[in-house]
Amino acid sequence: MKSIVFAAILSTAFGTAMAENVTKPTVVMTAEDGNYSAGFEATHSTGLFTDTFTFSYSGLPGDAFGFAANVKNKKSDINFTSATLNGQALDLTNFGDNSTVYIDLPVSGLLTLVISGESFGKASYAGTIDVTSAVPEPTTYGMLLGGLGVMGFLARRRKA
């Protein structure tokens with residue numbers, strides 16, 4: 001009986017490790033001059049993980065740029081196995097001491113970033129995502145109309 005209990009304890013001790021998955025609440029991206037940006041991060045203990053980050057911005061069509069990165073240290077490392085933004089595969093590298101996911105896609109609407117990988121030791125990664133919208137801000141239209149008004153005033157004054 002003791003050998004069965006001992007075998008059961010050993011089998012659970014040497015089973016596959018599974019790190020905790022992270023699902024973050026929707027992050028509202030900050031806006032500045034028609035560009036939207038947000039940061040994200042996750043920390044994992046040893047094992048496999050899949051993290052889901054959701055971002056919202058104006059929703060207008062634009063281009064998303066960014067990255068997620070981990071730098072290996074003596075006690076921990078992360079290797080990325082896959083990454084998608086709104087279901088589209090992203091480029092990634094696991095080379096030397098660096099693991100990186102690259103974001104460069106046209107987007108619109110709500111953004112869902114899913115990153116999967118494996119953590120060795122307690123490791124973390126962080127990143128940023130920026131969306132540049134091609135649609136001018138309302139202040140741009142105001143400046144355009146103001147400039148046209150000044151040009152019209154000068155043209156009218158010149159005639160007189």
Side-chain angles (χ1 to χ4, degrees), residues 18-45 47-73 76-160:
M18 181 69 174
E20 62 283 351
N21 296 329
V22 173
T23 301
K24 300 278 185 170
T26 300
V27 175
V28 178
M29 300 176 81
T30 57
E32 185 174 322
D33 297 330
N35 297 319
Y36 298 85
S37 64
F40 57 92
E41 59 83 28
T43 301
H44 294 286
S45 55
L48 301 172
F49 64 86
T50 298
D51 300 335
T52 304
F53 304 94
T54 306
F55 306 94
S56 69
Y57 69 107
S58 69
L60 298 172
D63 294 313
F65 299 97
F67 70 95
N70 164 267
V71 177
K72 178 180 178 180
N73 65 37
S76 65
D77 190 19
I78 284 181
N79 283 333
F80 297 119
T81 55
S82 71
T84 62
L85 181 63
N86 289 354
Q88 296 182 50
L90 300 173
D91 292 331
L92 55 94
T93 60
N94 295 301
F95 183 74
D97 291 344
N98 300 313
S99 297
T100 309
V101 173
Y102 303 96
I103 302 168
D104 184 2
L105 291 173
V107 295
S108 63
L110 195 66
L111 305 178
T112 303
L113 175 64
V114 178
I115 298 177
S116 297
E118 185 171 5
S119 176
F120 303 93
K122 186 167 183 166
S124 63
Y125 67 90
T128 183
I129 185 167
D130 301 309
V131 177
T132 303
S133 179
V135 178
E137 290 288 313
T139 56
T140 304
Y141 290 119
M143 292 197 48
L144 173 67
L145 290 174
L148 288 174
V150 168
M151 294 294 286
F153 173 76
L154 291 174
R156 183 177 174 127
R157 188 172 180 200
R158 186 175 255 179
K159 278 186 178 181

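- With hydrogens and angles ignored, the 3.5 Å screen pairs no side-chain donor or acceptor of Ser45 with any backbone N or O of Lys122.
- When the options Asp104, Val101, Leu105, Ile115 are evaluated for a side chain to side chain contact (heavy atoms under 4.5 Å, CB included) with Leu85, the one that passes is Leu105.
- The heavy-atom pair separating His44 from Ser119 by the smallest distance is O-OG, 3.3 Å.
- Inter-residue side-chain proximity for Asp51 and Phe40 is flagged as unmet; no heavy-atom pair is nearer than 4.5 Å.
- Of all heavy-atom pairs between Asp63 and Pro106, the closest is OD1-CA, 3.7 Å.
- Proximity of Tyr57 to Val107: side-chain heavy atoms (C-beta onward) are separated by under 4.5 Å at one or more points.
- Here the closest heavy-atom approach between residue Glu41 and residue Thr43 is recorded as OE1-OG1, 4.0 Å.
- Put simply, the side chain of Asn21 does not reach to within 4.5 Å of the side chain of Thr23, judged on heavy atoms.
- Not counting sequence neighbours, the partners of Ser56 by the side chain to side chain contact (heavy atoms under 4.5 Å, CB included) test are Thr26, Val28, Leu110.
- Here the closest heavy-atom approach between residue Ala83 and residue Leu92 is recorded as N-CD2, 3.8 Å.
- What you find for Ser76 and Ala123 is that their closest heavy atoms are CB-CB, 3.7 Å.
- Listed for the Thr30 side chain is a donor-acceptor partner under 3.5 Å among the backbone atoms of Ser37.
- No side-chain heavy atom of Phe120 sits less than 4.5 Å from a side-chain heavy atom of Ile78.
- Closest approach of Met29 to Ile129, counting heavy atoms only: CE-O, 3.4 Å.
- In this structure the side chain of Phe55 reaches within 4.5 angstrom of the side chain of Leu113, judged on heavy atoms.
- A 4.5 Å side-chain heavy-atom check between Thr93 and Asn98 finds every atom pair outside the cut-off.
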After noting the C-alpha distance and the side-chain angles of Phe65 and Ile103, does the key distance pass the side chain to side chain contact (heavy atoms under 4.5 Å, CB included) rule? CA-CA 5 Å; Phe65 299 97; Ile103 302 168; 5.9 Å; no
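- In this structure, the side-chain hydrogen bond (donor to acceptor under 3.5 Å, both in side chains) partners of Ser116, at least two apart in sequence or on a different chain, are Thr50.
- For Phe80 and Tyr125, the gap between ring centers is short of 6.0 Å.
- Scored by the side-chain hydrogen bond (donor to acceptor under 3.5 Å, both in side chains) test, Asn94 finds Ser99 as partners (sequence neighbours excluded).
- Panel note: side chain Thr84, backbone Asn86; no donor-acceptor pair is recorded below 3.5 Å.
- Put simply, CG on Asn70 and CG on Asn79 are 8.0 Å apart, with the number rounded to the nearest 0.5 Å.
- Remark: Phe67 CZ to Asp91 CG distance equals 15.5 Å, nearest 0.5 Å.
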